[in-house]
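The figures here come from the full heavy-atom set of this structure, side chains too, leaving out hydrogens, waters and symmetry mates. When a ligand or atom number is given, it counts from 1 through the structure's own listing order.
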Amino acid sequence: MKRYLVQTFGCQMNVHDSRRIEEVLEAAGWQATDESTLADLVLFNTCSVREKAEHKLRSAVGWLRPLKDERPGLVIAIAGCVAQQEGEQLLRDIPYVDLVLGPDNIPELPALVEAIRDGAPPIARTVFDLETPQFLHAHPRSDARRESSAFVTVMKGCDERCSFCIVPTTRGPERYRSADDIVSEVRALAQGGVHEVTLLGQTVNSWYEPTPGESAAPLELREKRRTASHFAGLLRRIAAEVPEVLRLRYTSPHPRHITPALIAAHAELAILPAHVHLPVQSGSDRVLKRMLRRYTAAEYLARARALQSARAGLTLSTDIIVGFPGETEEDFLETLALVRDVGFVAAFGFKYSPRPQTAALALGDDVPEDTKDDRLARLFALVEVQQRAHLASLVGTRSTVLVEGPSRDGGGRFAGRSERHEIVHVEPPAGVDPTGTLVTVEILAAFKHSLLGRMDGGVPIPDAPRTPKPRVHLGVLGGEGSES
Ligand code: SAH
Ligand code: F3S
């Protein structure tokens with residue numbers, strides 16, 4: 001029996017890729033293990049968006065060295081963004097690594113691992129599939145790890161080239177997936193018991209129907225098509241054709257592709273949650289310009305307001321970078337002002353981290369570390385206040401919760417997400433297991449990052465499968481931010 005262990009770093013895109021990696025390996029006869037001592041293959045699916053993420057990888061790989069010395073047959077693989085970025089250099093830097101695999105080369109993994117097990121020298125395979133982009137279908141879990149929530153990729157790569165961001169290098173140019181393909185994956189997941197789908201893409205809302213071979217078309221031509229995004233049409237099509245999907249989320253949209261059609265979709269489609277994660281990065285026009293974000297703070301605010309007016313109670317969360325090169329105290333105060341004006345209920349905050357092959361490298365890294373720390377702390381303090389006020393304002397209201405499984409704190413409670421994405425701990429009537437169903441609750445109390453609700457009636461979903469051991473992890477709503 002061949003056993004594998006996959007360790008994932010980074011964003012939802014990576015979590016999603018790790019699942020495809022597991023599926024590809026399992027189709028080739030591999031079995032999962034949680035024990036590195038039992039594994040024949042250990043694969044790190046990596047993130048390079050900030051330097052700290054890269055350091056984490058290097059120390060994690062370092063832990064395996066004694067194991068590799070003991071069992072030279074153990075295959076150590078590095079996949080994901082660090083793999084794509086560094087390619088063969090990684091094999092030279094960490095000599096006990098056997099395989100370096102780019103995000104587009106996942107289907108080749110089993111054959112490459114077999115080649116190494118048969119004695120081939122270390123391999124680096126990091127080629128983008130530009131001509132005929134492949135999108136691996138997510139398969140619904142049929143075992144005990146069945147889930148009620150799943151991700152579906154609608155595009156890969158990024159052409160925005162924000163000046164701080166390494167993603168366009170590590171994930172390549174934008175490639176879009178056809179609506180038919182997306183809808184058929186959503187349908188298969190829904191038939192397998194999934195009730196919540198999150199559409200994934202680096203600028204997910206620039207989606208449009210691709211034409212064959214167009215990833216080779218000039219950038220200006222593709223830019224025109226992206227600007228005329230058909231994303232709202234895709235949302236409408238999924239809502240109409242796959243009624244089993246009860247919630248349709250998407251992440252992450254780019255502010256410049258929040259079109260009137262998308263705003264209208266939020267007003268009309270009940271399936272869309274009353275929450276959007278809309279990365280802003282900064283509230284200073286001067287900084288936004290140097291980040292090449294292509295909107296002003298006023299334009300961002302106008303779009304945020306339009307979303308908020310489209311659906312009553314719609315909340316927004318965001319990503320913010322502090323300490324971007326040249327960011328002054330005044331710039332940062334403008335960011336705080338925008339955070340207040342928009343009323344974000346959660347934010348991921350990051351200290352600027354210079355990344356290889358990005359335009360911002362030329363701007364230096366002139367904001368001292370302690371200033372970055374100070375700004376991050378002030379940002380989180382403000383978001384925390386807003387988050388608490390928001391959660392407190394919900395006490396006494398009713399909410400619709402998609403229950404994901406038993407609460408981690410035990411005590412017979414269950415946990416899920418509200419229509420706005422808050423974590424809600426649910427007290428069901430005695431003997432009722434609401435896992436995998438949509439229930440209405442009355443909000444009884446607000447905690448620091450979550451809510452408590454009393455279930456007043458389930459909306460049973462016909463043939464809803466139970467989720468014996470849910471693997472959906474309930475992170476906090478944000479606010480704490482993240483410096484992962
Ligand atoms: N469009 C992507 C963004 C990927 S990077 C998405 O779908 O979310 C996620 C976040 O990391 C960005 O929004 C940004 O806030 C942060 N980030 C990216 N590059 C960074 C850098 N060099 N330093 C600090 N934070 C960075
Ligand atoms: Fe990165 Fe900007 Fe694209 S943050 S992923 S270059 S939209």
Side-chain angles (χ1 to χ4, degrees), residues 9-17 46-55 80-82 84-85 103 151 153-175 198-207 219 223 226 229 231 249-258 276-283 287-295 300 316-325 327 335 339 344 346-365 367 369 372-373 375-376 379-380 383 478 481-484:
F9 299 83
C11 64
Q12 281 158 334
M13 198 79 71
N14 261 9
V15 173
H16 185 70
D17 284 354
T46 62
C47 171
S48 60
V49 83
R50 288 168 292 278
E51 201 180 4
K52 202 164 151 186
E54 265 194 77
H55 288 162
C81 288
V82 177
Q84 186 67 42
Q85 176 199 322
F151 293 104
T153 308
V154 306
M155 48 115 41
K156 54 185 181 176
C158 186
D159 288 342
E160 288 289 333
R161 301 205 165 265
C162 303
S163 64
F164 51 81
C165 185
I166 197 172
V167 170
T169 306
T170 59
R171 296 277 167 166
E174 279 174 16
R175 281 144 293 161
T198 304
L199 303 179
L200 269 186
Q202 299 294 347
T203 57
V204 68
N205 58 333
S206 65
W207 181 88
L219 196 60
E223 169 61 17
R226 290 194 304 159
S229 154
F231 186 63
R249 299 186 186 280
Y250 57 88
T251 196
S252 286
H254 190 289
R256 78 186 188 98
H257 299 295
I258 299 286
V276 179
H277 181 75
L278 189 60
V280 65
Q281 314 300 355
S282 169
V287 173
L288 286 169
K289 196 160 186 184
R290 286 150 61 92
M291 288 178 160
L292 300 182
R293 288 292 291 182
R294 295 189 266 186
Y295 52 81
Y300 181 96
L316 290 163
S317 58
T318 198
D319 289 350
I320 288 173
I321 295 177
V322 299
F324 185 77
E327 185 190 69
T335 298
V339 167
F344 292 116
F348 291 95
F350 308 102
K351 292 188 276 183
Y352 171 70
S353 163
R355 302 282 55 215
Q357 296 175 64
T358 57
L361 270 187
L363 304 174
D365 181 16
V367 178
E369 196 61 20
K372 287 181 186 169
D373 285 333
R375 289 181 188 164
L376 198 61
L379 170 69
F380 287 158
V383 173
S482 142
E483 259 292 296
S484 59

Quiz item: With a 4.5 Å limit on heavy-atom distance, are the side chains of H254 and S206 in contact?
Solution: no

Practice problem: Answer yes or no: is there an ion pair linking D365 with K351, defined by an N-O contact shorter than 4.0 Å? | Solution: no

Practice problem: Sort out the contact shell of ligand 2: every protein residue with a heavy-atom distance below 4.0 Å, listed by chain and number. | Solution: C158, E160, R161, C162, F164, C165, V167, P168, Q202, T203, H254, R293

Exercise. Decide, yes or no, whether a salt bridge links K156 with D17 under the criterion of side-chain N to carboxylate O below 4.0 Å.
Key: no

Quiz prompt | Contact residues of ligand 1, where a non-hydrogen atom lies under 4.0 Å away | solution = V49, R50, F164, G201, Q202, S252, Q281, D319, I321, F350, K351, Y352, S353, R355

Quiz item: Which pair of non-hydrogen atoms, one from H277 and one from S317, has the smallest distance, and what is that distance?
Solution: ND1-OG, 2.8 Å

Quiz prompt | Nearest heavy-atom neighbours spanning V280 and T318 | solution = N-OG1, 2.9 Å

Self-check item: K52 side chain reached by S353 side chain, heavy atoms, under 4.5 Å
Solution: no

Exercise. Report yes or no: is the cationic atom of R290 (NZ for Lys, CZ for Arg) under 6.0 Å from the centre of the six-membered ring of F324, at an angle within 45° of the ring normal?
Key: no

Quiz prompt | Partners passing side chain to side chain donor-acceptor pair (under 3.5 Å) against T251 (at least two apart in sequence or in another chain) | solution = none

Quiz item: For H257, which residues count as a side chain to side chain donor-acceptor pair (under 3.5 Å) partner, sequence neighbours excluded?
Solution: E160

